[in-house]
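These numbers come from the heavy atoms of this one structure, side chains and all, not from hydrogens, waters or symmetry mates.
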Amino acid sequence: YREQAETYRSANKFADAVTSYEKYLSLTDRSINSRIRYIQFLYLADNYDKANKELTDLKSKVKDFTKFPYLYRLDAIADYEIGIKSKDKQKLAEGLTQINQLFQQKSVKPLPIDYAYLGKLQAANGNDSLAIQTFEKAISQDSSHSQDLYDALAKAYLNKKNYKAVSSLYDKMISHGDSSLSNYSQASADHPDTSILHRADKYLAKVNKKDSTYIPAYVYRAYLNGLMDKNVVSGAAQPYYQKIIDLSTSNPKFQQQIATDPKYKKYLITSYEYMLYYDFQKDKKPAAREIASKLKALDPGNEKAEALLKQK
């Protein structure tokens, strides 16, 4: 079961890896090292609540983290993820203490993920200047993992109102032609420099050129273009919301995501809501009613759909 779990992990099937590792643990004496590995699997599966419970129990049995220094890493990650989710400043402060303790252990060679969480915790505790230094160091040390850090780095730059640096990030990604998508596109949305919104859209266009069915890129393009056309004057976001709707009927992968993942279902709901408003504003009443009917079928309690369908 342990080898099966590792195989699943290598294939990025983290939920299956957790299930297999739990079967392995049930047949062992649950050593500290095996439980540490289990917690790592839980993190990979984004099951932070369960990981934190397991970690809390493990911490009650291990009084001296220096004998198992990787517990500092796990504790810091748990504190960050739970602290961010619950907006718990104490958790975030404890996380920063734990990650700093990890860096002080001479027996540990810090990994890129350690620098990533050090920077995230520094930023979460209000030290954006230090966080920027940490993120830049992490990216320079391991460019293969740098994509995961651009979101946090962009947010730190934005908090410092360093729009020029954010623009440089987009230019760098565009020039590299990176096809992966980070949430840092969304991080640029809430500031006054529209040139950065244009850069973000240009980057996302590169993403969709490489993968014409990659839904999150269309979602962000719709969102960013909507910000540049808040009153729906030009309908700048319309092509991207329409593309999402089109893919919902033609792309089996997206259809499966809509059926199983609330996030993707919400993407489609938002697309229908925009198109409903867009067609109504353009006096395309029959088209708006057709969309409202589809929206109501997808989201039966949707108030926007119900309001339009009640009109005669």
Side-chain angles (χ1 to χ4, degrees), residues 40 43-44 46 48 51-52 55 65 69-106 108-176 178 180-193 195-197 199-200 203 216 220 224:
Q40 291 172 335
Y43 283 147
L44 290 171
D46 293 333
Y48 297 110
N52 189 51
L55 183 59
F65 274 26
Y70 300 114
L71 285 173
Y72 287 119
R73 174 185 297 130
L74 299 178
D75 209 13
I77 293 174
D79 285 340
Y80 174 79
E81 297 295 345
I82 293 171
I84 287 293
K85 183 178 179 180
S86 61
K87 298 181 180 180
D88 188 333
K89 292 184 178 180
Q90 183 177 344
K91 273 285 184 187
L92 294 170
E94 291 172 356
L96 183 57
T97 298
Q98 294 296 78
I99 200 71
N100 282 328
Q101 286 286 341
L102 176 69
F103 276 83
Q104 292 173 16
Q105 304 305 308
K106 295 181 179 179
V108 174
K109 182 180 179 181
L111 302 174
I113 191 174
D114 298 327
Y115 285 102
Y117 274 95
L118 174 61
K120 289 178 180 180
L121 284 160
Q122 288 168 335
N125 282 277
N127 199 332
D128 290 304
S129 296
L130 203 55
I132 287 169
Q133 295 177 27
T134 302
F135 290 136
E136 289 177 340
K137 183 174 183 179
I139 290 171
S140 67
Q141 283 191 343
D142 189 351
S143 59
S144 66
H145 294 280
S146 63
Q147 180 66 32
D148 298 333
L149 302 177
Y150 275 101
D151 174 34
L153 180 55
K155 288 179 180 177
Y157 280 139
L158 288 167
N159 287 339
K160 300 295 288 184
K161 301 186 184 300
N162 191 343
Y163 301 138
K164 184 177 180 180
V166 179
S167 295
S168 296
L169 275 180
Y170 286 120
D171 288 338
K172 184 176 181 181
M173 294 305 296
I174 291 167
S175 65
H176 286 180
D178 197 317
S180 56
L181 177 65
S182 167
N183 288 340
Y184 83 87
S185 304
Q186 191 177 24
S188 303
D190 298 320
H191 68 84
D193 191 343
S195 67
I196 296 179
L197 299 180
R199 280 180 168 83
Y203 163 65
Y220 284 124
L224 294 171

Please verify the inter-ring angle class for Tyr117 with Tyr80; under 30° counts as parallel, over 60° as perpendicular, anything in between as tilted.
perpendicular
Looking at [atom1] of [X] and [atom2] of [Y], how far apart are the two atoms once the value is rounded to the nearest 0.5 Å?
X	Y	atom1	atom2	result
Asp114	Ile99	CG	CD1	5.0 Å
Ile82	Asn52	CD1	CG	3.5 Å
Leu71	Leu55	CG	CG	6.5 Å
Gln105	Tyr70	CD	OH	10.5 Å
Tyr115	Lys137	OH	NZ	4.0 Å
Arg73	Gln40	CZ	CD	7.5 Å

Beyond-backbone contact of Leu92 with Leu96, side-chain heavy atoms, under 4.5 angstrom
no
Within a strict 4.5 Å, meaning less than it, do heavy atoms of the Leu118 and Leu130 side chains meet?
no
Name the one of Thr134, Asn127, Asn100 that satisfies side chain to side chain donor-acceptor pair (under 3.5 Å) with Gln122?
Thr134
Can you name the nearest heavy-atom pair linking [X] to [Y], along with the distance?
X	Y	answer
Ile113	Ile77	CD1-CD1, 4.1 Å
Val108	Pro110	O-CD, 3.4 Å
Tyr72	Gln98	CB-O, 3.6 Å
Lys120	Phe135	N-CZ, 3.3 Å
Pro69	Leu102	O-CD1, 3.5 Å
Leu121	Asn125	O-ND2, 2.8 Å

Please tell me whether Glu94 and Gln90 have a donor and an acceptor in their side chains that are separated by less than 3.5 angstrom.
yes
